[in-house]
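The structure under discussion appears below in the form of structure tokens.
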Amino acid sequence: MYKSIAAELVAEALHKSTEETAKLIERPKQLQHGDYAFPCFALAKEKRKSPQHIASELAANLSNPAFSVIEAMGGYVNFTLNKEHAASQVLQTIQQQQVAYGSTTVGQGEVVTIDLSSPNIAKPFSMGHLRSTVIGNSIGLLLEKQGYQVVRINHVGDWGTQFGKLICAYEKWGDEAKVRRNTIPELLKLYIRYHEEAVQNEQLVQEGRDWFRRLEQGDAYANKLWRWFRDVSMEEFGRVYELMGVKFDSDAGEAFYNNKMDRVVKELEQKGLLSLSEGAQVVQLDAYNLPPSLIKKKDGATLYATRDLAAAIYRKESYNFSRSLYVVGHEQSLHFQQLKIVLTKMGYDWSDGVTHIPFGMVLQDGKKMSTRKGKLVLLDKVLEQAIQLADANISKKNPSLINKAEVARQVGVGAVLFHDLKQERIHDIDFSLEDMLRVEGETGPYVQYTHARACTLLAKREMDLANSEIDKDTAAEAWPILSQLLQFPEAVTYAAVNYDPSRIAKYVIDLAQVFNSYYGRVRILNEDEKLAARLAIVTAVKTVLAEGLRLLGIGAPKQM
RNA sequence: GUCCCAAUAGCUCAGCUGGAUAGAGCAACAGCCUUCUAAGCUGUGGGUCGGGGGUUCGAAUCCCUCUUGGGACGCCA
């Protein structure tokens, strides 16, 4: 908000638009350079004066009660906020708005669907699906904070030739009792064995395909097995989602679209988009310099492109979204590029809103994890360990804590989720259990701990802060905190617009750091005339930390 | 082979879309708990921003090129 005041001042003086100047205004790295800066270098040519000259001229003509100092320094005009004024402003705003601080209404009346998580039935919940789940969930929370209505869709992988393979393997080597007892690991074993043997045995591949065709044609026995595998898997996934606190509005998976694909194929045909290539039905995309999109295999079975087209159309018809997001690994970039173009070729102008939000893969020893080779790390085991570790820490540090189990869950899960969310979405992550379980430094538990500290202070000294005023000295001493609080709305907007939860993760780390530094330096509960001002700051920090964590899908316990 | 993505401290990563002296965390070392939770704080050391060109008043950031790593490229999703 103060940035725009500075932008307006400069714009007026230069007879330029506020948008133009706002783009140039930056936040100086050095504290001595103030809170905002306007660089004058670009104006030098146009004005035929040195940047230094322009800056000092400009600085001399600018003034506003919001800023205590506006001065020229080496080609910049530096703005220093009136700390007392800004501090009381931001504290008041947070006190009034509470968790709504940073909210906007830009998305009012618009629906956004988010395709997230989408694990595969009969396979364990992998680390890759963790990324999709937590990133997608956080993006949903961020968009809700911007006023959008968000529909979270778990596009469960419950269909495809893999089930033909699985049924084939179960028929050959499966043991019903064993599978009943320990479903997912047993099914995984069968799946792995199938792939091991298929390398030697061409016939097995054909049998797998045949089973899938029978499944797709409605064969009763195949469907019974499929339903069984699906139900048990969903139950198991449900436990993981509950641990993580993720909820969906729809779990219409791939099978859901089985009866919705004919229509799409016919439509493609009618619009003259289909052509025959090597026995398969495809949409040629040569004009876009892309490989063709495969709609039907030569044996007539459908493919994921067919299903995703049907799903996209169904979602538009059901939810009338303005945007439809897919939080899926970057290895599927080509597929989503093709999907969007085929929708456009079909004449759907809403395809503009169809957006792939890619993320990096979870690698092991620098390589892709493979289900088929059984090389993968299971999420529930990781969460379990994280929770145990949190529990052990509580027993050591705060043994009298009342709701220990719930706090251990929040902290353990918080560590795992935060580790994933804090780094750039697109970067690959080399799997490291050690890093995920870390609780010191730039971690979820560190932020949670800071929040708990603030809560404890407030519990120890209750006070009515409604009319508390902040004095100049307190504002100056706590300035790094106040300045950071001031930036929360910007961080939220940036994160929402760029689908980038890591921005919020970095923000809460920074806020926690400046607060902890203050905590180590200043005795907050000292009974003096400035106590109310300090408590007002602590309250604001508590509110914003909790809200930041919430936007990441992470809990903020009051004690830990 | 073609296309996409990445490369910053010993390790893991930031760097606010081109600005002032490139910053954190971990690890190492030195300190701080008889008063608000040490899952914390303070300090020290650590850099050819992968290499080379270019654009610009100004480049870790934009463009070209090379190197290295990862991914995708028709019947898996």
Side-chain angles (χ1 to χ4, degrees), chain A residues 23-24 26-30 32-33 37 39 41-42 44-45 50-51 73-76 78 118 120 155 157 159-162 165 209 254 277-282 289-299 301 303-305 307-308 328-335 337 358 360-361 363 366-368 372 390 393-394 396-398 411 415 419 422-424 426-430 432 434-435 438-450 452-457 460-461 487 490-491 494 498 502-503 506 509-510 512-513 516-526 538 559-560:
Chain A
K23 266 207 303 209
L24 289 169
E26 60 195 68
R27 181 168 289 280
K29 287 171 197 145
Q30 311 287 317
Q32 51 187 333
H33 294 144
F41 307 99
K45 224 175 236 171
S50 73
M73 255 176 107
Y76 290 87
N78 290 335
S118 311
N120 293 322
H155 190 70
W159 205 253
T161 36
Q162 53 180 331
K165 296 172 185 175
R209 281 202 203 109
E254 297 175 356
S277 168
E278 296 169 35
Q281 305 257 38
V282 307
N289 219 354
L290 290 175
S293 175
L294 270 82
I295 302 297
K296 269 195 163 185
K297 299 199 250 189
K298 57 185 162 204
D299 67 1
L303 285 149
Y304 61 113
R307 219 172 319 272
D308 274 353
V328 180
H330 71 49
E331 71 266 29
Q332 290 195 45
S333 292
L334 176 60
H335 166 65
Q337 239 178 309
M361 297 190 304
L363 305 174
K367 293 267 181 267
K368 191 175 175 175
R372 297 177 188 184
N393 273 326
I394 293 167
K396 200 165 54 190
K397 296 163 201 266
N398 196 355
V411 174
H419 171 261
K422 81 169 181 206
Q423 46 200 318
E424 197 79 27
I426 202 72
H427 283 133
D428 291 343
I429 299 180
D430 211 337
S432 160
E434 201 189 330
D435 284 351
R438 192 154 270 152
V439 299
E440 286 167 10
E442 297 172 331
T443 66
Y446 170 80
V447 179
Q448 290 171 317
Y449 175 74
T450 310
R453 260 186 164 176
C455 288
T456 305
L457 290 172
K460 286 204 163 153
R461 186 64 171 84
Q487 289 169 58
E490 258 178 72
Y494 181 95
N498 295 288
S502 77
R503 181 59 182 266
K506 287 163 202 155
I509 284 284
D510 287 344
Q513 275 173 351
N516 279 324
S517 170
Y518 181 77
Y519 183 97
R521 217 171 45 239
V522 177
R523 188 170 166 78
I524 292 164
L525 294 185
N526 204 28
V538 175
Q559 292 177 43
M560 61 187 270

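So you know, we letter chains A, B, ... as the sequences are listed, proteins then strands, and number each from 1.
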query: Could you walk me through whether A/Y518 and A/I524 pass the side chain to side chain contact (heavy atoms under 4.5 Å, CB included) check?
result: CA-CA 9 Å; A/Y518 181 77; A/I524 292 164; 4.1 Å; yes

Among [options], the one nearest [X] by side-chain distance:
| X | options | result |
| --- | --- | --- |
| A/S277 | B/G74, B/A72, B/G71 | B/G74 |
| A/Q513 | B/G25, B/A77, B/C16 | B/G25 |
| A/L457 | B/C41, B/G71, B/C36 | B/C36 |
| A/Y494 | B/G71, B/U17, B/A77 | B/U17 |
| A/R503 | B/U21, B/C41, B/C16 | B/C16 |
| A/Q423 | B/C36, B/C13, B/C75 | B/C13 |
| A/N393 | B/G25, B/G74, B/A39 | B/A39 |
| A/A280 | B/A20, B/A24, B/G74 | B/G74 |
| A/Y519 | B/C73, B/G40, B/C36 | B/C36 |
| A/E26 | B/G74, B/C73, B/A20 | B/A20 |

Output yes when at least one side-chain N/O atom of [X] is less than 4.0 Å from OP1 or OP2 of [N], else no.
| X | N | value |
| --- | --- | --- |
| A/K45 | B/C57 | yes |
| A/T161 | B/C76 | yes |
| A/K460 | B/C36 | no |
| A/K506 | B/G15 | yes |
| A/Q332 | B/A77 | no |

Indicate, with a heavy-atom threshold strictly under 4.0 Å, whether [X] touches base, sugar-phosphate, or nothing.
| X | result |
| --- | --- |
| A/G160 | sugar-phosphate |
| A/E278 | base |
| A/M361 | sugar-phosphate |
| A/Y304 | base |
| A/A44 | nothing |
| A/A37 | base |
| A/S333 | nothing |
| A/L303 | sugar-phosphate |
| A/K397 | base |

Same-atom distance ([atom1]) from [N] to [M], integer angstrom:
| N | M | atom1 | value |
| --- | --- | --- | --- |
| B/C64 | B/C3 | P | 12 Å |
| B/U55 | B/G1 | P | 31 Å |
| B/A9 | B/U48 | C1' | 13 Å |
| B/U12 | B/A72 | C1' | 27 Å |
| B/G47 | B/U21 | C1' | 14 Å |
| B/C33 | B/C41 | C1' | 11 Å |
| B/C13 | B/C75 | P | 33 Å |
| B/G40 | B/G52 | P | 40 Å |

Rounded off to whole Å, could you give me the [atom1]-to-[atom2] distance for the [X] and [N] pair?
| X | N | atom1 | atom2 | result |
| --- | --- | --- | --- | --- |
| A/R453 | B/U35 | CZ | P | 13 Å |
| A/I429 | B/A6 | CD1 | P | 15 Å |
| A/N498 | B/U17 | CG | P | 10 Å |
| A/E424 | B/C13 | CD | C1' | 10 Å |
| A/L294 | B/A77 | CG | C1' | 13 Å |
| A/I524 | B/G40 | CD1 | P | 16 Å |
| A/E442 | B/A14 | CD | P | 10 Å |
| A/H419 | B/G25 | NE2 | P | 17 Å |

Report the base-pairing partner of [N] (Watson-Crick or G-U wobble, both distances below 3.5 angstrom), or none.
| N | answer |
| --- | --- |
| B/U48 | none |
| B/G1 | B/C73 |
| B/U68 | B/A6 |
| B/C32 | B/G40 |
| B/G23 | B/C13 |

query: Ring-on-base stacking between A/H427 and B/A6, under 5.5 Å between centres and under 30° between planes: is it there?
result: no

- prompt: Can A/K506 and A/S502 be counted as having a side-chain donor-acceptor contact under 3.5 angstrom?
  reply: yes

- prompt: Is there a side chain to side chain contact (heavy atoms under 4.5 Å, CB included) between A/K297 and A/L303 once you walk through the steps?
  reply: CA-CA 7 Å; A/K297 299 199 250 189; A/L303 285 149; 3.7 Å; yes

task: Please say whether more than 12 non-hydrogen atoms of neighbouring residues, nucleotides or ligands are located less than 6.0 Å from NZ in A/K422.
output: yes

- prompt: Checking A/D428 side chain against A/M361 main chain: does a donor-acceptor pair fall under 3.5 Å?
  reply: yes

- prompt: Just by distance, do the side chain of A/S517 and the backbone of A/Q513 share a donor-acceptor pair under 3.5 Å?
  reply: no

Donor-acceptor pair present, [X] side chain and [N] base, under 3.5 Å:
| X | N | result |
| --- | --- | --- |
| A/T443 | B/G25 | no |
| A/N78 | B/A20 | yes |
| A/E434 | B/U12 | no |

message: With side chain to side chain contact (heavy atoms under 4.5 Å, CB included) as the criterion, how do A/D308 and A/H335 come out once you've worked through the C-alpha distance, each side chain's angles and the decisive distance to 0.1 Å?
response: CA-CA 10 Å; A/D308 274 353; A/H335 166 65; 2.6 Å; yes

